[in-house]
Amino acid sequence: MQLHTLKKVTIVIEDNLRQSLVKKICELGATGYTCHEVQGFGSRGARSDPFANNVEIEVVCAEPVANAILTFVAHNYFENHACIAWLMDVQVVRGSRYVAS
Amino acid sequence: MQLHTLKKVTIVIEDNLRQSLVKKICELGATGYTCHEVQGFGSRGARSDPFANNVEIEVVCAEPVANAILTFVAHNYFENHACIAWLMDVQVVRGSRYVAS
Amino acid sequence: MQLHTLKKVTIVIEDNLRQSLVKKICELGATGYTCHEVQGFGSRGARSDPFANNVEIEVVCAEPVANAILTFVAHNYFENHACIAWLMDVQVVRGSRYVAS
Amino acid sequence: MDTSLILTSLRDNLLTPIPMCFALGIFCKLIHGGIKIPKEFYYAISIYLLMSIGIIGGHELAHEYHDHGVSTIWKPALATLVLGCITPIVAYSVLRYVGRLSIADSAGIAAHYGSTSAVTYIVANDYVNNMGYKPDAYVPTLVTILECPGIAIALVIGAIGLGMEKQAKASESGGTMAADEESGGSIWEALHEVITGQSLMLMVGLLVIGFISTLVMPEKKFEVFKEFFYSKNQIFRGALCIFLLEMGLVTGERLKDLLKVGPFLVAFGILVPLVHGFLGAFLGHLAGMNLGGCTILAAIVSSASYIAAPPAVRLTLPQANPTLSMTAALGITFPFNIAIGIPIYFWMAKSLGAQ
Amino acid sequence: MDTSLILTSLRDNLLTPIPMCFALGIFCKLIHGGIKIPKEFYYAISIYLLMSIGIIGGHELAHEYHDHGVSTIWKPALATLVLGCITPIVAYSVLRYVGRLSIADSAGIAAHYGSTSAVTYIVANDYVNNMGYKPDAYVPTLVTILECPGIAIALVIGAIGLGMEKQAKASESGGTMAADEESGGSIWEALHEVITGQSLMLMVGLLVIGFISTLVMPEKKFEVFKEFFYSKNQIFRGALCIFLLEMGLVTGERLKDLLKVGPFLVAFGILVPLVHGFLGAFLGHLAGMNLGGCTILAAIVSSASYIAAPPAVRLTLPQANPTLSMTAALGITFPFNIAIGIPIYFWMAKSLGAQ
Amino acid sequence: MDTSLILTSLRDNLLTPIPMCFALGIFCKLIHGGIKIPKEFYYAISIYLLMSIGIIGGHELAHEYHDHGVSTIWKPALATLVLGCITPIVAYSVLRYVGRLSIADSAGIAAHYGSTSAVTYIVANDYVNNMGYKPDAYVPTLVTILECPGIAIALVIGAIGLGMEKQAKASESGGTMAADEESGGSIWEALHEVITGQSLMLMVGLLVIGFISTLVMPEKKFEVFKEFFYSKNQIFRGALCIFLLEMGLVTGERLKDLLKVGPFLVAFGILVPLVHGFLGAFLGHLAGMNLGGCTILAAIVSSASYIAAPPAVRLTLPQANPTLSMTAALGITFPFNIAIGIPIYFWMAKSLGAQ
Ligand SMILES: Nc1ncnc2c1ncn2[C@@H]1O[C@H](COP(=O)(O)O)[C@@H](O)[C@H]1O
Ligand SMILES: Nc1ncnc2c1ncn2[C@@H]1O[C@H](COP(=O)(O)O)[C@@H](O)[C@H]1O
Ligand SMILES: Nc1ncnc2c1ncn2[C@@H]1O[C@H](COP(=O)(O)O)[C@@H](O)[C@H]1O
Ligand code: NA
Ligand code: NA
Ligand code: NA
């Protein structure tokens, strides 16, 4: 099995920001994303009712794109929105597909 | 992008234990958590009907807290409950926020 | 806390392949799996309506099993199906349980 | 009360949409069919059904109260309470001393059989109404009374039994073992969970709401709620079809566990409900209930909880194997009651002289 | 209009299933009870309710239009538009200059109070119908008119206020600060979000559908839709019970935030709606609306949006603290209106001479 | 049968809530509006609709059977079976030899057009009932007959075609290529998937349930189920409004794919249904069906499956591009049929002499 080491960015954020954020993620060079609804608790309290819940977005991408996404998220959402973001290394099958040229 | 290396604990467990476990997780020093419902299959059979399903809980925290959580889970739930738990390193943006002082 | 280093395979794939794929995953030596529905976007477009959505499957297992699963997925689904798969190291509590003998 | 009557009543009971939807669910699982009811839809229907039981029950209770005060209801209520205390003890004794199950498993299963199943109530209620025997107006109240005490008693029995076993082992080994308090939540926690759980909160909450608003509102204004939650049964029975379809799917999935649990539990899941059912019909008749009421009381006493009991048992007696109790409650007793039990309880109540 | 009448009307309004379901939800959260309404069920009901308001509104509007053209409706429509412009300004002024809240928080909360709450409309509509005062046929149209302008105006006020504040700071510090354009989306984006959001799309969409099909279809064929979406209120009010149960659960969860937000916001959430309600009843009466219509207009003008406004404010004024606005709108004003406000608005409208 | 009649019937068909809800869904997507129907709500409604078709169909079939035995139904059933075999062959031939699509794509799309769409059935049924032409009682049975065979035949055609192509390539290249068995599941698996899939299980299951319980239960007791699942259409049509709103949203999302699929597929999605519809009306008339029945048979024969077929095709012919078939079935043929097709089939059937 031929594997590529890439980065996986995970962002947990207010659900109503989903649409604009994923649009931005694709603009920043990601080839795709996967997301699902989650409940959460953090410094801004519980986010688990119909008026306030979160989405977890996963993006497999090359390191520069990952950095661009995290920078965007940190700059735009950290101050005023419920948000957490982390990065990890993943071994991806046919990984070159997810590195936009 | 300034990143902190922290631990991420992931626990998959019977959904009806969610409330008491997340309470405990916060008591053990985590600053928050993110969770969502999952279906599962393991040594205790399938867990995918309304009477029996699982929840996956993710906690970003410092190593000592992670160890405390895993110890608590192993000690209290492993013998009699459907449960799996794992740990990994993650690069967290503004990571110091998630290390309770 | 005694931890075992194992592999975690994550597969995001068309939901209607779930049943046959998890069956195969167990045949290939995994002791269990955890899955949940996700929405996605990739080279085959958006997958987020009732007629087309994805499932994310997580499997904790030993390296040979992980390789077998990824090989199976790559060989069978990559050409004609919406699919992405990656691998990472995880520290598992009572990890020996998830290494089928 | 000859056999042909039972057969006819069986046929009239079984070949109707509600039990057949249950059968369709089982059948679908057996042939690996693809019916999938979203969990949220199932929950939505169960919320609707519980609210219906509550509000309509409160509504009829208000009429009863208005007409007779508490004179007609206190005896049946007491009888129900007594039944709620007896049944878990009967079940525990049979499981522990006849079946030789572990203390935890015996107490866990007993908690299920000490409580009750709302769907069995609904089907029994439909059954007697269909037979033309309108049950007493206060019966839904009895369902809510029966929900709790049986679980509490079984959990206490389990806790005492385990405590004594531990002491016995400790004195045997001659040493002084430290009590392992961590394992299992306290009984109070478990009871709080049952009492404030979805089933009781919705049923009792809506019972109170139905009661008060019937007393306060003019009958005509209450009508619309009655329509939605019950009247003419339109939405109610349709929702029940879908609910039982899902119950059939779950039961079908668990049918293969029947083989694992062994013949004792299968016999238990059929015979003990018959005993409990007889006790219910008998005490109900003593308490002055009518034929419809006695039949329903028998049915709910005989039924086993599969919604309220499991989380409480899981919390207090985590050592108990949930497969045993769920298979018995959902895989054996529930279909037995739906298909055969209710007509038998009806026949029992009739034989005892209830009218 | 003596006190005993208000008390009776209060009792008749409060001790009915719909407000009591709301109370049950709050009670359940306070005792940490286990009622859980799946989010999807809640969404399903809110979709149904919005569609109902729209299609039935369109249906009645078509009749009105058929009978009177636009002669009866233009004045109330204008009055509603005026109210949609005044209320956010009133709310902003009180918050900023009496309450001394930040510009962003003041404008954010004002946006909520400038818009309206569909559920408050429904409850008010039920209330006046129950009292026997059928509202004017075009009232649902007014709800849709009221949804938007208030949000727009509050957001503009906020943007201007923040811009001026920034300039002031810049000139104070004597330097030339670069405008930080990134923070917050544009007002146009936010307005697009409100106008094309779920509430307005469904209400206006179904209003148009109801309007056109009433004009085109024979009355008898439209009947089935009327049945499903409203007639006799059967499904409609039942669904509302469940909806308010969930609203109660959410409100109960937020009640502890009441302590945090402080007494000013509590007073604001009660007094400003009373002022807005009076303005609504007054202008409605001037515009020739009947007693039922004036009461409803007062109720919707006084109500605060908790569905349409929050995402728009989040987008444009992310610095505004959502806990403040949600607690005021959902935790104070909504229950106040349901429980006490609506009878008061009715009494106001009656005192003003509406019939 | 002049044009003005078609126009009137078009207007009567289009300007009613159900098609307008579909249009609202499309419109909402085009302006990037925010209507979001939770997937679970959509599934819940589709479960309800399928169960309704089944149980009401079984109910009416039981009456028909009771009155006439199988004498009236065998000919229409046979006609339907024949149509189920012809239509995939017609569709495949057009796609492969006129459109020059690949074997997999041709067979995949043909499988969709060989099967049928339950919602088209419902809308057609509503249409003829509205026109005052009650269809034959056994028509829902025909829907279930039509579901399967077309998919099977198209998949077999695809498998044979691909096998032959592979052989041809192998002999061309002169070598002996190993058969690549792994790619694609077996046809039997796919057929099992269709037959035991949600649509057929629910429709056939409830058809049997409706049939048996109608024969066994007294008519009066069956009434409540009829009420819930159909009678007076109340819940049924309301649910359909919401269902079509979601279908409109999905279709709107896919409209931009129309540009990609090219003019041939657009023409295919309109003309082939017209041919199939004509065949349906013709054979239905031959088999002795009435005007309502012929119209519905034409509509369901012409319609393309977008629920049962896609997973089966995905399993057996994974090389087929799902965008092509879904765009054609859902984006072209479905709206065409709802908006224009059904009145045309009605007119065809009438012209053929059906009454
Ligand atoms: N320590 C944590 N571990 C995992 N998820 C977290 C953690 N802290 C916050 N979150 C998630 O991030 C969201 C926003 O966090 P906050 O902005 O701190 O309220 C929360 O609702 C959680 O879903
Ligand atoms: N090998 C595995 N990989 C991923 N998840 C697992 C695995 N084994 C078990 N699980 C999850 O853990 C739950 C409990 O496992 P068990 O206690 O073994 O039944 C299952 O229902 C699955 O959700
Ligand atoms: N770069 C990516 N990061 C995360 N998930 C992805 C990515 N690309 C694709 N996916 C997921 O994999 C599915 C199939 O991808 P594709 O086959 O490229 O359409 C998508 O629907 C997404 O759920
Ligand atoms: Na019992
Ligand atoms: Na307002
Ligand atoms: Na067809």
Side-chain angles (χ1 to χ4, degrees), chain D residues 7-45 47-48 122 126-127 129-132 227-228 230-246 248-249 252, chain F residues 38-52 54-56 58-59 62 189 192-218 220-232 234-236 239 307-308 311-312:
Chain D
L7 279 185
T8 318
S9 116
L10 249 176
R11 193 201 61 190
D12 290 354
N13 196 30
L14 282 185
L15 297 182
T16 55
I18 292 173
M20 283 201 283
C21 279
F22 184 71
L24 175 62
I26 294 181
F27 175 75
C28 179
K29 271 298 165 196
L30 293 185
I31 65 163
H32 299 283
I35 299 180
K36 257 197 238 161
I37 313 270
K39 210 178 60 220
E40 289 76 13
F41 190 28
Y42 170 85
Y43 285 144
I45 293 177
I47 288 167
Y48 168 77
I122 295 171
D126 265 19
Y127 178 77
N129 275 309
N130 270 348
M131 301 295 280
E227 292 271 322
F228 178 71
Y230 202 79
S231 185
K232 287 190 265 142
N233 282 308
Q234 189 188 334
I235 304 182
F236 192 76
R237 293 212 196 173
L240 208 55
C241 281
I242 304 173
F243 191 84
L244 279 184
L245 183 57
E246 169 69 10
L249 291 169
Chain F
K39 212 177 60 220
E40 289 76 13
F41 190 28
Y42 170 84
Y43 284 145
I45 294 178
S46 76
I47 289 168
Y48 168 77
L49 295 176
L50 290 170
M51 290 177 80
S52 293
I55 197 166
I56 299 300
H59 177 66
E189 252 180 81
H192 181 265
E193 179 124 318
V194 176
I195 292 172
T196 67
Q198 176 111 322
S199 335
L200 263 184
M201 284 298 285
L202 281 178
M203 270 203 294
V204 174
L206 271 286
L207 193 105
V208 171
I209 290 176
F211 187 84
I212 295 179
S213 43
T214 305
L215 293 182
V216 169
M217 285 170 98
K220 245 200 84 194
K221 283 185 191 163
F222 193 80
E223 205 63 17
V224 286
F225 297 101
K226 209 164 148 185
E227 291 271 322
F228 178 71
F229 282 115
Y230 203 77
S231 185
K232 289 190 265 142
Q234 189 190 332
I235 305 182
F236 192 76
I307 295 181

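The shown structure was predicted, so the numbers you read here are calculated from the model rather than taken from an experiment. Residue numbers begin at 1 in each chain, while the letters A, B, ... track the order of the sequences.
- Note that the CD atom of D:Glu40 and the OH atom of F:Tyr43 stand 11.5 Å from one another [nearest 0.5 Å].
- The parts of D:Ile37 that come within reach of chain F are both its backbone and its side chain, each placing non-hydrogen atoms under 4.5 angstrom from that chain.
- Most heavy-atom pairs under 4.5 Å with chain F: of the set D:Ile242, D:Asn130, D:Thr16, this distinction falls to D:Asn130.
- Within the 4.5 angstrom heavy-atom criterion, atoms from both the backbone and the side chain of F:Ile209 approach chain D.
- Atom CG of F:Leu202 sits about 7.0 Å away from atom CG of D:Leu24, to the nearest 0.5 Å.
- Side-chain atoms of D:Phe27 and F:Met201, non-hydrogen and from C-beta on, do get closer than 4.5 Å to each other.
- Atom CZ of F:Phe228 and atom SG of D:Cys241 lie 7.5 Å apart (nearest 0.5 Å).
- With rounding to the nearest 0.5 Å, the separation of CG in D:Leu14 from OG in F:Ser213 is 12.0 Å.
- Note that the CG atom of F:Leu200 and the CD1 atom of D:Ile35 stand 10.5 Å from one another [nearest 0.5 Å].
- The minimum heavy-atom distance between F:Gln198 and D:Gly34, with the atom names listed, is OE1-O, 3.3 Å.
- Separating the CD1 atom in D:Ile31 from the CD1 atom in F:Ile195 is a distance of 9.0 Å, to the nearest 0.5 Å.
- Counting heavy-atom pairs under 4.5 Å between each of F:Thr214, F:Leu50, F:Val216 and chain D puts F:Val216 at the top.
- Interface residue F:Phe222: only side-chain heavy atoms are found under 4.5 Å from chain D.
- Applying the side-chain contact (heavy atoms from CB on, under 4.5 Å) test between D:Met20 and each of F:Ile55, F:Ile212, F:Val208 identifies F:Ile212 as the sole match.
- Side-chain contact between F:Lys39 and D:Pro38 is absent, with no heavy-atom pair separated by less than 4.5 Å.
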